[in-house]
Amino acid sequence: MTITHTRRRSRRWPRRSRNLRQGFTLIETVLAMTILSAIVLMIGLGTSQLQRAVGDAGIRSRAHARADMQIGLARTWPTWSTLERLSASSYNGLEDGLRTTTVVTADTTGRRRIKRVRVTVEAVPASMMPSPVTRNISIAIP
């Protein structure tokens, strides 16, 4: 009868070799920092574009409100014959970076008796709002 001996396997982890590197190399670190910097830069650019869009929308909203206010004033003007006074500088001008211009023209051709009111609001400087806001109405004699 033969007796066989079984060898026990060692349960220890294998020893690390001396040439096994630990940590990151300089190239890997620089690459990671470059990618992270690009991501942060894109987020920053997106945020600045969003802020600009919100600012432009605010200016445009104020211009629309100013034009609507001037049109409302024309609609409630007490007398049709004095509507041209709405073009005076006391009702127009530069305020909060917005210039309001109101032009009243009479159309009395034929049997018509209509006054056309055109309100234009533009930003000063024009680069803040490239295209002006314009409102038009026609008011007939009562």
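Sequence positions, counted from 1, serve as the residue numbers for this chain.
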Asks: Taking only residues two or more places apart in sequence or in another chain, which ones pass salt bridge (Lys or Arg N to Asp or Glu O under 4.0 Å) with D68?
Replies: R135
Asks: What residues form a side-chain contact (heavy atoms from CB on, under 4.5 Å) with S89, not counting sequence neighbours?
Replies: none
Asks: Which ILVMFWY residues can you reach from W80 by hopping between side chains whose heavy atoms are under 4.5 Å apart?
Replies: I59, I71, L73, W77, L83, L86, Y91, L98, V104, V117, V119, V121, M128, M129, V133, I137, I139, I141
Asks: Which residues pass the salt bridge (Lys or Arg N to Asp or Glu O under 4.0 Å) test with R112, not counting sequence neighbours?
Replies: D107
Asks: Any side chain to side chain donor-acceptor pair (under 3.5 Å) involving residues 121-131? Give me the pairs, sequence neighbours left out, ordered by first then second residue.
Replies: R60-S131
Asks: Check salt bridge (Lys or Arg N to Asp or Glu O under 4.0 Å) between R75 and all other residues, then give those that pass, not counting sequence neighbours.
Replies: none
Asks: Scan for ring pair (Phe, Tyr, Trp, His ring centres under 6.0 Å) pairs involving residues 38-64, sequence neighbours excluded, and state none if there are none.
Replies: none
Asks: By the rule that ILVMFWY residues connect when side-chain heavy atoms come within less than 4.5 angstrom, directly or transitively, which residues belong alongside L26?
Replies: V30
Asks: In residues 36-49, what donor-acceptor pairs under 3.5 Å come from side-chain atoms, sequence neighbours left out?
Replies:
unit_1 : atom_1 : unit_2 : atom_2 : d
S37    : OG     : M33    : O      : 2.8
T47    : OG1    : I43    : O      : 2.9
S48    : OG     : L45    : O      : 2.9

Asks: Tell me who clusters with I27, hydrophobic residues only, linked when side chains sit under 4.5 Å apart either directly or through other members.
Replies: none
Asks: Please list, chain by chain and in numerical order, all residues satisfying salt bridge (Lys or Arg N to Asp or Glu O under 4.0 Å) with E95, sequence neighbours excluded.
Replies: none
Asks: Strictly by ring pair (Phe, Tyr, Trp, His ring centres under 6.0 Å), give each pair with a member in residues 118-142 just once, sequence neighbours left out.
Replies: none
